[in-house]
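What follows is a single structure, written as structure tokens, with notes after it.
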Amino acid sequence: MSTRNSNGSLEPREQWGTKLGFMLAATGSAIGLGNIWRFPFVVGEGGGAAFVLIYLGFVCLIGIPLLIGEISIGRKGRANAMDSYKTIKPKSKWYFNGYISILINFMILSFYSVVAGWAFYYFVLALTGQLITNDRSYENVFEGFITNPFMPIIWQILLMGLVVAIVMGGVKKGIEKWNNILMPTLFILLIILVFRSLSLENAHIGLQFFLKPDFSAINSSTILAALGQAFFSLSLATGLYVTYGSYSRSNSNLPANAGGIVFLDLVVAIMAGLIIFPAVFHYGIDPQSGPDLVFITFPTMFTDMAFGTIFAVVFFFFVFVAALTSAISLLEVVVAFVKEKFLMSRKAATIIAGAVITVVGLFCTLSFGPLSHITILDRTIFELFDFISAEVLLPFAGLILALFLGWGWKPAGVKEEVEKEGNPFPLFKTWSFLIKYVIPIIIIVIFLDSLGVI
Ligand code: PHE
């Protein structure tokens with residue numbers, strides 16, 4: 001297992017230090033703003049529990065099977081998100097999907113770093129005791145901050161600097177080391193917050209919204225949103241699992257890994273819902289208030305709590321860390337590609353990719369302020385990046401991924417990789433049926449439906 005380095009000579013491919021290293025890094029990627037920030041607001045906009053149920057269906061039927069397949073591609077191909085396809089099927093055009101995934105990561109990180117930068121700022125505000133105030137003007141504070149032409153840019157650049165520094169450290173010393181510390185911290189914080197939110201007065205109203213389905217809220221755009229959210233939250237079809245899978249050990253148990261990642265990602269999204277919705281209803285905040293939900297609801301909740309400032313520090317640290325580990329993974333997919341494609345050192349590839357993404361990301365940031373008047377397809381630049389990457393490119397890349405696994409590489413090939421070193425592949429026949437027929441059909445139907453064709 002070797003990779004060509006910047007001098008053109010072969011060197012051993014980087015690898016996770018331990019089996020757990022892969023799991024923590026992969027869950028670190030999956031768990032992020034998608035769970036804490038995006039999930040609550042798409043649930044809010046999609047009408048609550050009915051949306052959650054559809055989301056759950058997608059996660060199980062599409063998420064788990066594709067995840068097993070995507071990690072196998074990386075572990076078999078032992079290369080970046082594009083070249084792994086080439087190693088497996090040298091004379092075909094499937095590798096094209098790799099290019100799409102690089103583009104997806106590029107686009108997601110451009111807008112993701114905006115919100116991650118906000119989280120960074122809020123963490124520092126909380127830490128310096130400036131966030132929680134008695135006049136409760138959280139909406140103004142937030143609006144003032146994100147529309148400012150300079151402040152959010154500074155935080156976005158700081159955040160990207162941090163991400164670049166970590167990714168530059170490489171797989172074991174950078175990404176793995178950080179995830180090992182950050183991910184367990186995250187879970188502990190989350191559990192504390194769930195208890196707090198559930199003990200709020202009127203918590204049951206929020207819980208009802210979150211857990212009791214009303215199917216009248218469902219239409220074709222909510223279904224597409226649920227599908228996009230499933231892909232986004234699991235970091236699925238982004239080439240992330242190909243890339244991280246390519247650093248994994250050949251004896252890792254892929255179905256177990258995939259199940260574990262999906263389970264943890266789901267648990268965190270549900271916990272985020274359990275934290276947010278009771279608080280939203282308790283304070284009379286509109287659950288459809290969109291992307292700013294987290295930045296307004298939580299400070300309000302902390303103001304009324306004993307030790308509110310401490311909770312605010314803990315919470316925004318949590319959001320920041322979750323965003324950081326995902327941003328690391330988004331950059332790593334691009335870096336692995338640039339490094340191997342252009343035979344660059346990791347350092348150079350990271351700096352170049354990080355700089356270009358930061359510059360593009362600035363436009364996303366400014367679309368909340370000075371550039372807010374620019375709209376394309378009725379969306380600001382930020383919203384457009386989010387929509388195109390999550391609801392168009394991700395499901396599309398997922399479709400091609402399923403077709404590759406089912407009809408290009410073929411289930412027998414995937415089975416051989418999964419079962420390497422004696423690992424089991426439970427429910428293989430079901431898996432293969434889902435991959436070959438069910439998943440492509442579901443994605444195509446949802447696309448056609450949202451285009452109004454059917
Ligand atoms: N899954 C991450 C989240 O939930 C976002 C992400 C998407 C990360 C795609 C990597 C690739 O925040």
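Since this is a predicted model, take the numbers as computed values, not measurements. Both counts, for ligands and for their atoms, begin at 1 and track the order of listing.
- For atom 4 (O) of ligand 1, the closest non-hydrogen atom of the protein is Ala30 O, 2.8 Å.
- For atom 6 (C) of ligand 1, the closest heavy atom belonging to the protein is Ser235 OG, 3.6 Å.
- Note on Arg38 versus Asp386: salt bridge recorded, some NZ/NE/NH1/NH2 to OD/OE distance being below 4.0 Å.
- Interface atoms of ligand 1 facing Asn35, defined by a heavy-atom separation under 4.0 Å, are 4 (O).
- Contacts between Ser329 and ligand 1 below 4.0 angstrom, taking non-hydrogen atoms only, involve the side chain exclusively.
- Annotation for Phe447: atom CZ counts as buried by contact number, over 12 foreign heavy atoms lying within 6.0 Å.
- Every atom of ligand 1 with a heavy atom of Ser233 under 4.0 Å away is listed here by number and element: 1 (N), 4 (O).
- Remark: ligand 1 and Gly34 share an N or O pair separated by less than 3.5 Å (distance only, no angle test).
- Checked by atom type, the side-chain pair Tyr85/Asn97 shows a donor-acceptor distance below 3.5 Å.
- A side-chain donor-acceptor contact under 3.5 Å links Tyr247 and Glu332.
- A centroid separation of 6.0 Å or more is found between the aromatic rings of Phe385 and Phe111.
- At least one N/O-N/O distance between Phe232 and ligand 1 falls below 3.5 Å.
- Counting heavy atoms closer than 4.0 Å to ligand 1, residue Leu240 contributes nothing at all.
- The shortest distance between side-chain heavy atoms of Trp409 and Ile73 falls below 4.5 Å.
- Among all non-hydrogen protein atoms, the one lying nearest atom 12 (O) of ligand 1 is Tyr112 OH, 2.5 Å.
- Between Arg346 and Glu340, no side-chain nitrogen of the basic residue sits less than 4.0 Å from a carboxylate oxygen of the acidic one, so the salt-bridge criterion is not met.
- For atom 11 (C) of ligand 1, the closest non-hydrogen atom on the protein side is Leu330 CD2, 3.3 Å.
- Each of Phe142, Trp118, Phe145, Phe295 was checked for a ring pair (Phe, Tyr, Trp, His ring centres under 6.0 Å) with Phe368, and the lone residue meeting it is Trp118.
- Geometrically, ligand 1 and Ser29 share a nitrogen or oxygen pair separated by less than 3.5 Å.
- Considering both main-chain and side-chain atoms, Leu33 comes within under 3.5 Å of ligand 1 through a nitrogen or oxygen pair.
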